[in-house]
Amino acid sequence: MTKELEFIDLSVSSGDQRLLSEARGALRAGELVAVVGRSGSGKTLLTKAIIGLLPQQLRAEGQILLDGQRLDQQGEKAMDQIRGRRISMLFQQPKRVMNPRLTIRAHLLEALGAHGWGKARQHEEQVLSLLEEVGLAPAKQIAGKRPDQLSGGMAQRAMLAIALAADPEFILADEPTSSLDSILKSEVLQLLRRKQQERGVGVLFITHDIASIQHIADRIVVVSDGQIVDQCPTAQIFSKDRHAKTRELVEASLPPLRTPRAKDSQCLLEAVDAGKNYTRRAKGPAALKPTSLRLHGGQVLGVVGRSGSGKSTFARLLAGLEQPTTGRIIQTHHNGEATRVQVIAQEPYSSFDPRLSIRTSMSAAVHRLPAIQAGERMAQAMAQVGLPGELLDRRPGQCSGGQLQRLAIARALLTDPQILICDESTSALDSVAQRHILDLLLKLRDSMGLSLVVISHDMDVIRYASDDVAVFYEGELVEHRPLYEFLGNAEHQHSKDLVAALDITAAVPSAS
Amino acid sequence: MVYDMARNHSKEILLAPPACILLTVVILTIAAPWISPYDPDAQSLADRLQGPNLSHLLGTDALGRDTLSRVLHGGRFSLSVALITTLFSLLVGTALGLLSALRGGWLDELFLRVNDLLLALPEIVIALLIIAVMGPGFFTMVLSVGVVAWTPTARLVRSMAAQALSTHHVEASKHVGASRWFILRHHVLPFVAGPVLAQAALRFGLLLVLLGSLSYLGIGVQPPQSDWGSMLAEAQPHAIRSPWGLIAPGAAIFLISFCVTLLGNRITQVLGGQDVLATEAKAEAHD
Amino acid sequence: TPSPDAAADSEARVVVANFRAPVSNWALESDDAYVLSIAGCLETLSKYDQTEKKVEPMLATSWKQTSDTVWDFELRKNVKFQDGTAFDAKAVAASLNHVLEATAPARAVNPKTIKKVEAVDADTVRVTTPSADPLLPYRMASVNAGVLSPAAYTDKGIDPMNHCTGPFAPVSEKAGQSLTLDRNENYWDGEVKLAGGEIRYITEGATRATQVQTGEADISMSIPATSLATLEADDKISVLKADSPRTSTLYLNNSRAPFENLDLRKAATMALDLPAMAASVYEGAAQPATGPFAPSEPWANPDLAVPQVNIEEAKKLVEASGYQQDKPLEIIAITERAEFAGVGSIIQEQFKQIGLQANVVTKSYGAAEPDVLAGKYDMILSQRNRMIDIADPIGFLQSDYSCEGGYNLSHYCNKDYDLLVGQALVEKDESKRHDLYRKAGDILADDAANVWLVNEQAIDAVGAKVQGYVQDPLTRYVLTKDLAKTS
Amino acid sequence: MLPLTTMLRRVLGLGAAVLLSSFAVFLVPFVSPGDPVRSLLRARMDIGAADEATVQAYAQQFGLHDPMLVQFGRWLGRFATGDMGISHISGTPVADQVLPAIGVTLSLAGSALVVAIAVSIVLGVLSATRAGRWPDRLITSITHALIAIPEYALAPLLVLLFAVRWSLLPSAGFDSPASLVLPVFILALRPISFFTVAVRSGVCQALDSEHVLAARARGLSSTQALVRHVVPHGLLPLWTMVGVWFAGLLGGSVIVEVIFAIPGMGRLIFDSIVDADIPVAQGGVVVVVTCAVVVTGIVDLVHKISDPNVRIGVRHG
Ligand SMILES: Nc1ncnc2c1ncn2[C@@H]1O[C@H](COP(=O)(O)OP(=O)(O)OP(=O)(O)O)[C@@H](O)[C@H]1O
Ligand SMILES: Nc1ncnc2c1ncn2[C@@H]1O[C@H](COP(=O)(O)OP(=O)(O)OP(=O)(O)O)[C@@H](O)[C@H]1O
Ligand SMILES: [Mg+2]
Ligand SMILES: [Mg+2]
């Protein structure tokens, strides 16, 4: 008989507020079920409720059955035996969920239940074989490293090894890939799928991005506002007559290709051999090697590359927030005026002071103007980003991530910019919100003639938004060409990998 | 913001028991010349070292002076020195802390080294030095304690301001052209104000105890003036026969210091922060 | 404290809480000599017996004045230093010369009082004085004239360990805390009853009182008046009191207005209620003063009485003096003596009654000294030991009240007085000398040179187990061969 | 490792601190009223005024009437060769007084901090794991009360009870372990309250952190997670505080040393300044300042090495 993890009428509430209501579903061993839904829909709460680790102030009701055994009625002791051994977890930020002072080996030993004195020796082989299994080599060396000495992809693999250590029957994976770049994401996804099939594990895979799991999930469960609104085998998810929320997610994840717009001939910004070296020593590795590039009016430049490849550095140079150590940035356009450049940051929540009203934060851009004029400008900017004016009197904590990101754009618009640099501005958002922001940016481009620099590690975003693509690899601009050329015949190996990763996740569905 | 939060919660803060006790004691000491039953210096050698009784509610001291009257009058001195010292260190500390955080560079380095030095130098040495120059008295006490007392505030302000300045939202404000003043006023001060106020309350309590210790050692307030610390010193030899002389000023120091600390804690809680002591703890961790 | 019923324990050790800590690396010219003397280590050629009020032999068996300025001391024969070396005239001369050569020599034994010390033969030491000095045997009784073995004088200063002649030999010291001593098995004056002792340096009076109460100390010296009542109420402790040669004094500045005026000085004396002061601030641990000397001193005038409070008369005197007060007078209370703050405020109150306004200012003695010596003050509360140098008041009378006196705080000057003191200086006959002192004292009292407030008492507290303790008001002897303790 | 420049800056800072503080102490007799030489002589011999000749001779012996800067220069010159000078009262090397005193203070401050650390870890963890419930509220009240206690009122009271009334502990002195109990307890009070709050907030934060959740998810029981992950993390803020407090206590608490007759550093410095024995005071201050700067430096170093966040420098975006 196949093992089964089942939850019946599972509700989570905080006080009298229902955060998750009467969820019902099942996960069998050997099956990969994706739970998709927008941010805040209750996906994480579902996994925490199942494994019995809800924060203290939250209360769960309903039944959780593991092979017919009621988990919700188990004591803490019994649950300690189940967690990690029969059900384990994967998390979004592997580095944040590992103890920064312990080595990978120590983490694995803990998961093996072998963290006592002197047990390390006996389990050394097991540790090494686990690391090799997830493709971390040389295992011996990696085992001795601490989390901060690993790259993001390696850390996520190590996380998987930890989750697999005690040979669990089920894994609850809470967005394990959303912080990875496209190439790593596809690697880790494939690894997870392979392990899941080899070991016959049941995986509950949480994501907001349908595109990324469409080829590996067996079934998809759609959550919205704390309720399971839809579930079906993966193939049927693209059908037109599914639940409205399902359609919304599908459309956001699998956008059509746009036809690129012709750019102005006017050059607004030019980088001439601009490079940056943060360390004082000239010999140290440069964060950005000398790079030359031109930005025209109305152009959308997509910048892509792995973490640490110098994308943000380049953006900061363009925006004039950092002085290049070599070369220069020419910020004047043809009639001699300085180009106005604005940057939209990645994290919507941290770009507004949590203590201040939105209005006060926004007024930073216009506080030199007389009050009335400033008010008018703000109202105008709010209209441009399609938000109601009353939002201005809220605090950041009272707004959603998508709203905040729009507000950040509105604030940037107050300075009347010609170029907007969006450094990972959508990567903290769910796919639906992401799509809305990108649409807004493109609309602004069309209506106001803004130039955009869209920086992302997510090829889907680049493909959707950009006219031209610039690829950074180890601090160097290795490829710069129009989108279609890039998709068709990229030259650099890294570019090819990027395009390949895109193919895995984004083959346009046949059912449409 | 801190201001309107404080306004919204002022009732909650002011009606809490510590605030009530504090207010009562402060009013009593301010009103001491009018309400105290006796002249605090009037001796009656026949009535020395009495326990509490109807004519002397807290008994009398070794010279037959009324302990209650002396506690009330002594409180004027103790509280005002502590208050002035606290205000002094609050102003100086905030100014220097902000300057150090905003200017950075050599100024900041200098600030850190001065802090290290003051932290390392036994405070009694500094007090002695200043007392040697100025002779004992009110301003000497303020100065000798104030010279060091500003450093915790400054360290707290510096670290909080630096923390505030390094946030993404300040960077975002700068990008869109906010002036220094705008950032200071909207992003830094409100962030710093709560913890600093709470810390000031805590510091007031600590300074009250510290100033008392100077008087206790005989290098603080000098007779014929007296404060709670010197009353303790005078009463200690008679403690076995007449513990009231020890208990009354000791309890006064403890009560005020305790209430003020609780009040500081209340402020931070209302502002949604940590325990006051925790902010003090943070301020200790310099660099 | 004789309690003959219990048997003394020959293995017992006694802990003494002393008010003084050695600070000068045991230099004998400093007060550290007192610690060694209290410890039963350091001994002198002669010894002043407080009860008999006369000088007796100690390490010297006899002495004679061979000329006006030359004295020969015959040394005791059966004495050995604790380290086993011989006690002879060379060692004694060397020891005394060390004190004479010190940069800051002792008050009793210094080049002004002693010209040289030399060994005549093995057992005779010759001391030459610069001028005729009938008091030399007294000087040789001063603890500063103690004798240590030559081995005690090292390059690093004085090492007293096992280098004395006394009943106890110091064996170890804990810096800043205590000195431990063992019995001297070969003591020249017979058997030592205690196995040893410990001198603890405890400068806080209240702590000394507590220590004897808890039994941590067997003997606590110089108990502060404030602890007296508590200790007296404790039946396990006996409290010993004796007149000390210290008088708390309100020094009046005789050299400038207003107290250059005799009437006003007399008024000041009449205004103060000394018995009340002694009973309150001093807790009864002091006697109201009758004049410059304590009544128990052999040269005190027994006819002098405690001045009576007479407010009316005092007021009249103030009026008669014609003194118009334009600003309050200043009473300096020195901080070294905590009780003076209280005394000052009592004086302030009582002066008010006779129409004199005064303020109390507290200052450390060091801060006040320059002004006081220069005559720029009104009144200062201070206190002075009349016999710290030698058991005779001549030095005190000379320095404190003669016109040229080096420590004449009151800036008092009276030719008659100076004449009397000059005579006393060379008078060999003791009783005649004492008569002269008495007359000098009477002049001071008649002139109301100062207001002598109270004669302080030396108070020692002794635990019940201690036997044979004889209190020395001059705080020189505590651990003696006869001191014992029951088990 | 700390970069070399940071170390260098610290060393320079230390040098400046030593210079400044010893100069400050040096100034005392020059700015205070009265003749320092007489003050020295009074410390050697109880009462009365020394005559002018003696004062001159004594001043001559130690060069005390030389111009101020000459005296300071002389002190510096000797100090540079590692010689802290000669006490003007005892005439013995300053080191002979300062080293025993710093030993006493180190053991006193050290014990007080060990006690404070032990107590505050227990209290802090207890109150963090029961946040909001009565044990937490009780502990929080206690910690707030502890810092408000004037030790100069409490110490005599405790002596009265434990030494006089119940004869359980010695009333003063510094020889047996028992004699350490009261002074250590008194000295530990304030650190206990600060440390407890620091531990509590550290542990609370750690309890909320994701890596503790993850540890539970891989099967660690709540106790195991507490011991292996929460507490080590929660104690991080404690260690910096311990350094700072240790530095502060090195100057000794004069009050505690006076009340319990302990020959520690605070008292030595206090007394020697009062008696104008400046070389001793200078030596004491130099040792205290050096120890304090070195201790805080070491704590910083350990902090930077042990905390990966500090080491790699947290970077966002
Ligand atoms: N400890 C808590 N107390 C109160 N509300 C909470 C708590 N944790 C989560 N919530 C609320 O529960 C809802 C669901 O949160 P959950 O974390 O499950 O969302 P999610 O689907 O995982 O979102 P995301 O994709 O952003 O991770 C949200 O509205 C959130 O604000
Ligand atoms: N302020 C800085 N000081 C020193 N080094 C820096 C700094 N900022 C970035 N670097 C280094 O420069 C290199 C490029 O960093 P950059 O932030 O430009 O990468 P990125 O492509 O934006 O990466 P990510 O996708 O993680 O945001 C990295 O090795 C980084 O460690
Ligand atoms: Mg989530
Ligand atoms: Mg970046």
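Labels below follow one simple rule: chain letters A, B, ... track the order of the sequence lines, proteins then strands, and each chain is numbered from 1.
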Please evaluate residues I253(B) and Y152(D) with respect to the criterion side-chain contact (heavy atoms from CB on, under 4.5 Å), reporting the C-alpha separation (whole Å), side-chain torsions for both, the decisive distance (0.1 Å), and the verdict.
CA-CA 11 Å; I253(B) 295 180; Y152(D) 39 92; 3.6 Å; yes
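- Residue I131(B) holds its CD1 atom at 11.5 Å from OG of S32(D), rounded to the nearest 0.5 Å.
- Looking at L110(B), there are no atoms closer than 4.5 Å to chain D (heavy atoms on both sides), in backbone or side chain.
- At a 4.5 Å heavy-atom cutoff, the contact between F258(B) and chain D is made by backbone and side-chain atoms alike.
- Minimum interatomic distance between P150(D) and G250(B) (heavy atoms only, all atoms of both residues): CG-O, 3.9 Å.
- At a 4.5 Å heavy-atom cutoff, T196(D) makes no contact with chain B through either its backbone or its side chain.
- Other residues, nucleotides and ligands place no more than 12 heavy atoms under 6.0 Å from the CH2 atom of W244(B).
- For the options G205(B), G212(B), G229(B), heavy-atom pairs under 4.5 Å to chain D are most numerous at G212(B).
- Using a 4.5 Å heavy-atom cutoff, the side chains of H144(D) and L202(B) are not in contact.
- For the atom pair L157(D) CG and L246(B) CG, the distance stands at 6.0 Å (nearest 0.5 Å).
- For F139(B), the CZ atom is loosely surrounded, since the number of other residues' heavy atoms within 6.0 Å does not exceed 12.
- With a 4.5 Å cut-off on side-chain heavy atoms, I259(D) and Y216(B) count as touching.
- For chain B, the nearby part of L20(D) is the side chain; its heavy atoms alone come within less than 4.5 Å.
- Contact tally against chain B (heavy-atom pairs below 4.5 Å) for A153(D), A17(D), G284(D), A145(D): the top residue is A145(D).
- Only the side chain of V285(D) comes within less than 4.5 Å of a heavy atom of chain B; its backbone N, CA, C and O stay farther away.
- Of the two parts of I149(D), the backbone and the side chain both hold a non-hydrogen atom closer than 4.5 Å to a non-hydrogen atom of chain B.
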